[in-house]
Amino acid sequence: MSVTAGLIARGARVEACRPWPRSIVDAVVWREAAGHLARGALILTGLWGEPGRIHLALINADYSQPAILTLDCPDGRFPSVGQRHAPAIRLERAVADIVGLVADDAPDTRPWLDHRRWGLAHPQNGSGGDAAGPAAPYRFLAAEGDSLHQIAVGPVHAGVIEPGHFRFTANGETIVRLEARLGYVHRGLESLAAGAAVERAAALAARASGDSTVAYSLAFARAVEAALGVEPPPRAHWLRGLMAEFERLANHLGDIGAVCNDAAFVLMLAHTGVLRERVLRACAVAFGHRLMMDRVVPGGAAVDLDPAGAAALRAVVGEVRRRFPVLVALYDETTSLQDRTVGTGRVAPALARAFGAGGFVGRASGRAFDTRRALPYRPYTMLEFETPVREAGDVDARLWIRIEEVRESLNLIEQLLADPPTGPCRADPAAGGGTGDAKGAEGVALVEGFRGDVLVWLRLGADGRVDRCHLRDPSWFQWPLLEVCVEGAIVADFPLCNKSFNCSYAGHDL
Amino acid sequence: MPMFTVLLESLTGGPLTEPAAPLDDARLAALATRLDAAARRRLGRSLALRHVDAGSCNGCELEIHALSNAFYDLERFGLRFVASPRHADVLFVTGAVTRNMREALERTYNATPSPKWVVAVGDCAFDGGFFAGGYACAGGVDAAVPVDLHIRGCPPDPAALLEGLLALMESSASP
């Protein structure tokens, strides 16, 4: 029996949750799970709360059998997972801010998303809370020694990027410690989705992180479909696969240029920028929106692909196939550029494994996890593709993973375009019993976005509404690694390392 | 060798840059009334832009980035993004203005020398969009700082962004 199955068997199973098993466990089992996380037998996939209870999503170390453990905490307290397993620390800080549940013996009790500006405390706690008064100054983690100075950056940055604060402690040019402070783009998404109609909640999920709008919409849709027991028609899966791979392609093209640009190699950005623009224009022709926002919906896809759209997609795939190899050669043979990227911002494989880091951050550090393969969903169950993995863990490796994933996405898109299923692109809402009597049904889904695995869990309420939902961005398990990988680097290498991670602020802050 | 190939192809391949769309007269007229003649003379046909994300999903940022690609080539119009509000004429603000970002936006506005203009980019920046009404957002850029131009869309595509910026340029340049 796997570790997750053993833990699930020792609790009271909640049958409403699909497709992952969920059990209500006691504090003994909860602590045991934390111990398994600490010694690497389990991977943390999510930690979130609702009033009076806390949920922990886990996967076995061999990426099998995901499960959710729930601990009732009527007194508002639960045993800290972060105390044993550092990747849970920020999630517990967010739970304390948003729901007001306190992690006993937590190693870090500073607020995280709550900057004391909302005018209320614990917004997702039904019983409410008083405004927590003026903010105490945020205490950054200490770095002590002679000749150290601090550099404060953000939340408003010098480029066209999202807001966040970075506090560097440096000795001359050398970074001694970096700590991020996030939460500036917290929009209260989960609270707005709670009680909202499924359609409105889906639109909110589509705006969790704009660069991953297809991935978030797909995760949300799959969670709703799991809760309702609805199966989208084959053509819907086909359209979703196309959109997901075009999103990955567009983002990777943008990132490859942007990373090189942050090493002052502007030529690459100029050329990948052209390819990215061509991809977005083809997506606009094919799906009616450059970023494909709101095109994946519960039950299927909101738009079908007509022959003109399919032709535009085929043409742009051909164009990227023609133009991309010379750009790869340009990177591969420009040693002055590699001088900046090779060996810079190294993430040790053990750390990527411990944090369960997904996407190119994990894969560049030896972690082969790919949701499309580990917890497969359609259309990927019927397609052939590779998941590239490297061991070096540096900026160069993260760039090469993206290059190899561009090729894999092109392969996937070509396989899909070669074999279009016919039929409707959306399930008949009546077929699955509809949302009318779905109160209490729960669904959970993990989807491979360009940045890594996106988790959505939700419970439906009455009248086709969402009672509660939780969205977890892959960046939660990547931001902390960025802080580690720049230790001992020069300050000027931070933008390069940061771009090679390209973590989401909006998806993290919600 | 790849560098040579790429540069040669760029030199011989012809430009990708596209002509800008014609300006919307109504938008121009609306803007012109807000700009005084002295400011127009001082700025000429050049505007420095400072982007501020005040609570966006990052969708608007992706399209603002696209303004700099070869198809739109923003700088040919005398428009450029600058790294500090102290160098800026125009604040390009996205997002539903989260309460956690409001002070930072106000400080950025105050750090921008007059004459200055604020462009609210996207539906969230217009009125909070999908995020209006929650505890975490002020709801629209004009809840925090005065707005001169709204560019709607979720997100507005680069052509719409360009059109709005050119309208601002025209109205700030011509008396």
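Note that the structure is a prediction, hence the values are computed from the model and not measured. Chain naming here is simple, since letters A, B, ... match the order of the sequence lines and numbering starts at 1 in each.
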Nearest 0.5 Å, please: how far is [atom2] in [Y] from [atom1] in [X]?
X	Y	atom1	atom2	result
A/His157	B/His51	NE2	NE2	11.5 Å
B/Arg99	A/Arg116	CZ	CZ	16.0 Å
A/Arg276	B/His65	CZ	NE2	9.0 Å
B/Thr98	A/Leu113	OG1	CG	11.0 Å

Relative to chain A, which of B/Thr108, B/Leu62, B/Ile64, B/Asp53 shows the most heavy atom pairs under 4.5 Å?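 Counting heavy-atom pairs under 4.5 Å, the top option is B/Asp53.
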
For the candidates B/Gly128, B/Ala70, B/Gly59, B/Cys57, which exhibits the highest count of non-hydrogen atom pairs separated by less than 4.5 Å from chain A?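 So the answer, after comparing B/Gly128, B/Ala70, B/Gly59, B/Cys57, is B/Cys57.
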
Taking side chain as everything from C-beta outward and backbone as N, CA, C, O, which of these in [X] sits under 4.5 Å from a heavy atom of chain A? Side chain, backbone, both or neither.
X	result
B/Val97	neither
B/Ser10	side chain
B/Phe81	side chain
B/Ala138	neither
B/Leu7	side chain
B/Pro85	neither

Nearest heavy atoms of [X] and [Y], plus distance in Å:
X	Y	value
A/Ala203	B/Phe130	CB-CE2, 3.4 Å
A/Pro155	B/Ala104	CG-CB, 3.7 Å
B/Pro2	A/Ala329	CG-O, 3.6 Å
A/Glu277	B/Phe71	CG-CD1, 3.4 Å
A/Ala506	B/Ser56	CB-O, 3.6 Å
A/Arg290	B/Pro158	NH2-CG, 3.3 Å

Student check: side-chain heavy atoms of [X] and [Y] closer than 4.5 Å:
X	Y	value
B/Arg50	A/Val156	yes
A/Tyr184	B/Arg102	no
A/Val160	B/Phe92	no
B/Asn69	A/Val274	no
B/Cys154	A/His289	no

Say whether, by atom type as modelled, one donor and one acceptor occur between the side chain of B/Asn58 and the main chain of A/Asp211 under 3.5 angstrom.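 Flag not set: sc B/Asn58 to bb A/Asp211 has no pair under 3.5 Å.
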
Would you confirm whether B/Asn100, through its side chain, and A/Arg117, through its main-chain N or O, come within 3.5 Å as a donor-acceptor pair?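 The answer is no, because no donor-acceptor pair under 3.5 Å joins these two groups.
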
Charged N to carboxylate O under 4.0 angstrom, A/Arg281 versus B/Glu18? yes

Could you look at A/Glu333 and say if it's the side chain, the backbone, both or neither that has a heavy atom under 4.5 Å from chain B?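 Just the side chain, heavy atoms under 4.5 Å.
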
What part of A/Phe265 is in contact with chain B, defined as an atom under 4.5 angstrom from a non-hydrogen atom: side chain, backbone, both or neither?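 Just its side chain gets close to chain B.
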
Sort out for me which of [options] touches chain B most, counting heavy-atom pairs under 4.5 Å.
options	answer
A/Leu267, A/Thr213, A/Asp294, A/Thr334	A/Leu267
A/Leu269, A/Leu280, A/Ile161	A/Ile161
A/Arg187, A/His115, A/Arg278	A/Arg187

Near-ring test A/His186/B/Phe131, centroid separation under 6.0 angstrom: no

